[in-house]
Amino acid sequence: MDSAGMTNSLLHESMEDVYEDVPCGFLFTRPDGTIVRVNRTLLAWTGYERADLTSGRRFQDLLTIPGKIFYESQYFPVLRLHGAVKDVAFDITRLDREPLPVLVNSVQRSAPDGRPSLIASTIFDATDRRSYERELLLARRDAEQLAAVVRMSSDAIVTTSPAGVVQTWNAGAERLFGYPAATVTGTDLRNILSNGEDDAAWNRLLAEIRAGRPVYHEMVGRRADGGPVDVSVGLTPHPDLLGHLGAISAIIRDIGERREIERLQQEFLAMAAHELRSPLTGIRAHAQLMRRRVTYSERGVDAILGQTDRLARLIDDLLLASQIEADRIDLRLEELDLVLEARSVAEHHGVEGVPILVEAPGGPVMVPADRVRISQVFANLITNAVKYSPEGGKVVVRFGQTSDEAWVAVADQGIGIQREALSHLFDRFYRVPEAASRAPGIGLGLYISRRIVEAHHGRIDVESVPGKGSTFTVFLPVRRGTRG
């Protein structure tokens, strides 16, 4: 063999290797579909031996039943008519009977007399593509469902550009504000939401959003008829692919009814306190007068005085709750020793059978605080601990301090609190069902205590084990103007 022949031989062998191992399937069939040649790639995908496919097996016999029907009725007639077919999806049945998604491209070759002689097909594994298509369909379905939820939601749901320009405006927004979507889209959302809000407040909200932090704010919006509407607004940032702010979503709810209820409650609290204080003053005066006379029941007078004191505390709580709701709680800060204050409160609220132990550190625990308000917090916590402690139990008051905050813990050995009640424990007027029958009250003590502590930039936590007791811990900053 001369050099040219040897070169052609080597080239042929190289092309054969490429044909056999190229990352797609090659298949040659007669016009009736009988397989005459197949490469190793397609054999590997399907699990067949070469002899299994080239011993009279037809290509359409490898297809699922729907695929075979489509091949006979659509694919092959189009191939005969046009001479080629491109990117048709089939499922090939592998040797293990599992389907293999593929894309088939076929070209028809003709004999010199013009009759079809051979069909050359290129086959691509479409498993990943089929998976992507399925994921896209699922994502599209989820998006359509979410879009339907947004359209039908009773809440106003709005999306804006990073600058606050309205992009979408759902039916809930139309109902709440009275503006049709066509009127609002492309305008600045602040024109509707910042009614009564200064630009500085609105810009602070946008600054939080641009920093990637969702915000919640209550404000007064403006209806299409010019009337105000109290709303709560939750703003959420949505980053783009580069991590920059791409859009803002807003969920807006009408809180007008809630505000009206709160206003009525505040009016009730103020009115009840005013109406009850006058007769209580008279009752106390008469009881004190009876004490000065010879013929009276000492026990009865003490009972009257005790009840009036109790009612007076209730009225004070109602008034303070009203002030808290109106954000009118005033603090007179001074350097306060928490140990001395807690010890004083404990001495006045102890009862027989439930000792109060104050485990004081070696020195004072000083914080800037309002003496009257902090004493009220300690009184509420210690009184509750005593009320819910069994005979023979004890209440322990402990202290601690770090460089940033001081803490006071009031622990009892009482009935404890169920886990499902803990999240509501500091709500206004809330009473734990199991405890309501053991001691009187209207559910303001812990609510007031938490708000007083928060007004000092502190916090109050609770840990409880039903049947074993509860521990309430007050944390207060040791320096003014810091948050615990």
What's the spacing between I157 CD1 and L176 CG if we round to 0.5 Å?
12.0 Å

Distance-only check: which donor-acceptor pairs under 3.5 Å involve side-chain atoms of residues 467-477, not counting sequence neighbours?
unit_1, atom_1, unit_2, atom_2, d
S470, OG, S464, OG, 2.7

Which residues pass the side-chain contact (heavy atoms from CB on, under 4.5 Å) test with R94, not counting sequence neighbours?
D96, E98, L100

Can you measure from CH2 (W169) to OG1 (T187) and round to the nearest 0.5 angstrom?
7.5 Å

Give, for atom CD1 of I417 and atom OH of Y388, the distance between the pair rounded to the nearest 0.5 Å.
9.0 Å

From CA spacing to verdict: side-chain contact (heavy atoms from CB on, under 4.5 Å), R258, R253
CA-CA 11 Å; R258 192 195 81 190; R253 291 177 178 168; over 6 Å; no

Considering only heavy atoms from C-beta outward, does the side chain of L63 approach that of F70 to under 4.5 Å?
no

With sequence neighbours excluded, tell me which residues meet side-chain contact (heavy atoms from CB on, under 4.5 Å) with A342.
F378, V397, F399

Find out whether P364 and V339 are in side-chain contact, i.e. whether some heavy atom of one side chain is under 4.5 Å from a heavy atom of the other.
no

Only one of V229, I252, D230, V231 passes side-chain contact (heavy atoms from CB on, under 4.5 Å) with M219, and that residue is V231

I'd like to check the salt bridge (charged side-chain N to carboxylate O under 4.0 Å, His left out) partners of D188; sequence neighbours left out, ordered by chain and number.
R190

Taking 4.0 angstrom as the limit, do D87 and R129 come out as a salt bridge?
no

Got R204 and H217 here, is their nearest side-chain heavy-atom distance under 4.5 Å?
no

With E135 via side chain to side chain donor-acceptor pair (under 3.5 Å) - residues at least two apart
none

Under 3.5 Å, is there a donor-acceptor pair between the D404 and T402 side chains?
no

Listing, residues 353-362 side-chain donor-acceptor contacts under 3.5 Å, not counting sequence neighbours, or none:
unit_1, atom_1, unit_2, atom_2, d
E359, OE1, R398, NE, 3.1

Any side-chain heavy atom of N191 sitting closer than 4.5 Å to one from R222?
yes

Got a sec, which residues hit side chain to side chain donor-acceptor pair (under 3.5 Å) with T185, two or more places apart in sequence or on another chain?
none

Which residues pass the salt bridge (charged side-chain N to carboxylate O under 4.0 Å, His left out) test with D128, not counting sequence neighbours?
none

H456 and I374, any side-chain heavy atoms less than 4.5 Å apart
yes

Could you verify whether a donor N or O on one side chain and an acceptor N or O on the other, from S449 and N380, lie under 3.5 Å apart?
yes

Is there side-chain contact between R210 and P162, with heavy atoms separated by less than 4.5 Å?
no

Can you name the residues that form a salt bridge (charged side-chain N to carboxylate O under 4.0 Å, His left out) with D337, not counting sequence neighbours?
none

Excluding sequence neighbours, so at least two apart, what forms side-chain contact (heavy atoms from CB on, under 4.5 Å) with S403?
none

How far does CG of D412 sit from CD1 of I382, to the nearest 0.5 angstrom?
11.5 Å

Determine all donor-acceptor pairs shorter than 3.5 Å in which one atom belongs to a side chain in residues 232-241; sequence neighbours excluded.
unit_1, atom_1, unit_2, atom_2, d
H238, NE2, S249, OG, 2.7
D240, OD1, L242, N, 3.0
D240, OD1, G243, N, 3.0
D240, OD1, H244, N, 2.8

The reported gap from CZ in R332 to CZ in R371 (rounded to nearest 0.5 angstrom) is 13.0 Å

Can you tell me how far OH of Y179 sits from CD of E174, rounded to the nearest 0.5 angstrom?
12.5 Å

Side chains of I460 and L381, heavy atoms from C-beta outward: is any pair under 4.5 Å?
yes

Output all residues satisfying side chain to side chain donor-acceptor pair (under 3.5 Å) with E208, sequence neighbours left out; order by chain, then residue number.
R213

